[in-house]
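These notes concern the structure reproduced below.
Hydrogens, waters and symmetry mates are skipped; everything else that's a heavy atom, side chains included, is used.
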Amino acid sequence: HILNCEPVRAKLMKDDRSIQKQTVDFVHMVQYVFGTANIHNCQSLPLRTVWGDECAYWEEGRIGEVEKRTTSFDKLKKSKRVFISTPLDNEGEFYERFQSGTRSEWHVRCPECNHGQKLMWKQMKWNGEKARREDGTYNLQIIKDSIRYECEGCKAEWIDTPVLRRKLSSSGYYVDENSNPDPEVKSYHWSSLAVDWVAWYKVVVEFLQARAAQKLGDYGPIAEWTRKRLGEFFSPRDLHMEEVNLSGGLPMTEEWDRE
């Protein structure tokens, strides 16, 4: 709660009485707090700065409506719009805004060779075969003890510890991947592998559980894992269609003689 933060509390107009249902009165500004389910909350009120959370889950058209709230300040070049979200499908307003921007990817430097690189899931290693039991389940202790990340440069193996994750985080920087971005849009991406308070073991175990569900025909967990752990846009139907085509071996446009 903001009342527990003394620097913020000191800037309130009237201490706890400044906090209302949809507004917070500071000595230098008023903060409005609205949901986007009601279209009227996205319209009319001129705003200099807008922050939107979990925007990929907003109803289509809401981001555009919220963007218009800063029009009065745009010509003064004093407006700012920040939209943050866990990704959803590879379509929609939030996806389009991200793709149109700089698409800046978070990079870290290898503690051994100083090579800068984006943290990629394919570089995460563990002894899966050794940990696999006869019934198809895994010995999680073996998984935990064997998790490491392989540097794409010198092939050094980074053993997962809080100290290592903080060191990687401290070495981080963004690299723009879109060579022709909208000059007014800065877009950024990072995965949970770059977050120093999330153990890689937890991410790996969740991946194995999601893959097990996928093999049983449930694509929900792997979709959620990809979006929330890798921070990537993902549509389960794309993966489903790919697996159907690969396993069936018959193009969807060809006739089947046993139909």
- Message: Is there a continuous path of hydrophobic side-chain contacts, each under 4.5 Å between heavy atoms, that joins Phe94 to Tyr57?
- Response: no
- Side chain to side chain, Val82 and Lys80, heavy atoms closer than 4.5 Å: yes
- Is there a side-chain contact between Ile143 and Leu208 (heavy atoms, below 4.5 Å)? yes
- Query: Under the side chain to side chain contact (heavy atoms under 4.5 Å, CB included) criterion, do Val185 and Thr102 qualify, and how do the steps go?
  - Reply: CA-CA 7 Å; Val185 180; Thr102 54; over 6 Å; no
- So, for Trp121 and Val204, which heavy atoms are closest and what is the spacing to 0.1 Å? CH2-CG2, 3.8 Å
- Any link between Trp197 and Ile159 through a network of hydrophobic side chains (Ile, Leu, Val, Met, Phe, Trp, Tyr) touching at under 4.5 Å? no
- d(Asp53 CG, Thr36 OG1) to nearest 0.5 Å is 10.5 Å
- Task: Scan for side chain to side chain donor-acceptor pair (under 3.5 Å) pairs involving residues 180-191, sequence neighbours excluded, and state none if there are none.
- Result: Glu105-His189
- Note on the structure: Glu59 meets the salt bridge (Lys or Arg N to Asp or Glu O under 4.0 Å) criterion, sequence neighbours left out, with Arg62
- Item | Pairwise side-chain contact, Val24 with Val30, heavy-atom cut-off 4.5 Å (strictly under) | no
- Item | Any Trp58 side-chain heavy atom under 4.5 Å of Val66 side chain | yes
- Query: Is there side-chain contact between Tyr149 and Asp160, with at least one heavy-atom pair below 4.5 Å?
  - Reply: no
- Note on the structure: Sorted by chain and residue number, the side chain to side chain donor-acceptor pair (under 3.5 Å) partners of Lys118 (sequence neighbours excluded) come out as Glu177
- Side-chain touch Ile142/Arg133, heavy atoms, less than 4.5 angstrom: no
- Under a 4.5 Å cut-off applied to non-hydrogen side-chain atoms, are Cys42 and Arg69 in contact? no
- Message: Assess the residue pair Asp176 and Ser104 against the criterion (side chain to side chain donor-acceptor pair (under 3.5 Å)); give the C-alpha distance rounded to whole Å, side-chain angles, the decisive distance to 0.1 Å, and a yes or no.
- Response: CA-CA 4 Å; Asp176 297 347; Ser104 304; 2.5 Å; yes
- Report yes if the distance between the aromatic ring centroids of Trp126 and Tyr201 is under 6.0 Å, otherwise no. no
- Item | Counterpart residues, salt bridge (Lys or Arg N to Asp or Glu O under 4.0 Å), relative to Arg97 (two or more places apart) | Glu67, Glu93
- Query: Roughly how far apart are Ser85 OG and Ile63 CD1, rounded to 0.5 Å?
  - Reply: 8.0 Å
- Nearest heavy-atom contact between Ser235 and Asn90 is CB-OD1, 3.6 Å
- Sequence-distant partners of His28, ring pair (Phe, Tyr, Trp, His ring centres under 6.0 Å), two or more places apart: Phe26
- Between Phe98 and Phe83, is the ring centre distance below 6.0 Å? no
- Full working for salt bridge (Lys or Arg N to Asp or Glu O under 4.0 Å) between Asp89 and Arg227: CA-CA 9 Å; Asp89 293 347; Arg227 294 164 179 162; 2.8 Å; yes
- Listed partners of Thr86 passing side chain to side chain donor-acceptor pair (under 3.5 Å), at least two apart: Glu54
- Can Arg229 and Glu206 be said to form a salt bridge (Lys or Arg N to Asp or Glu O under 4.0 Å), step by step? CA-CA 9 Å; Arg229 288 307 186 188; Glu206 290 177 359; 2.7 Å; yes
- Query: Heavy atoms, side chains only, cut-off 4.5 Å: are Leu119 and Val108 in contact?
  - Reply: yes
- Message: Is there a path of hydrophobic side-chain contacts, each under 4.5 Å between heavy atoms, that joins Tyr138 and Ile147?
- Response: yes
- Note on the structure: CE (Met13) and OG1 (Thr23) are apart, to the nearest 0.5 Å, by 11.0 Å
- Query: Can a donor-acceptor pair be found between the side chains of Gln141 and Asp145 at a distance below 3.5 Å?
  - Reply: yes
- Message: Surrounding CD of Glu112 (heavy atoms of other residues, nucleotides or ligands, distance under 6.0 Å), is the total greater than 12?
- Response: no
- Interatomic distance, CD@Gln209 vs OG1@Thr137, rounded to 0.5 Å, equals 11.5 Å
- Task: Say whether Leu193 and Val163 are linked into one hydrophobic cluster, either directly or through other cluster members, by side-chain heavy-atom distances under 4.5 angstrom.
- Result: no
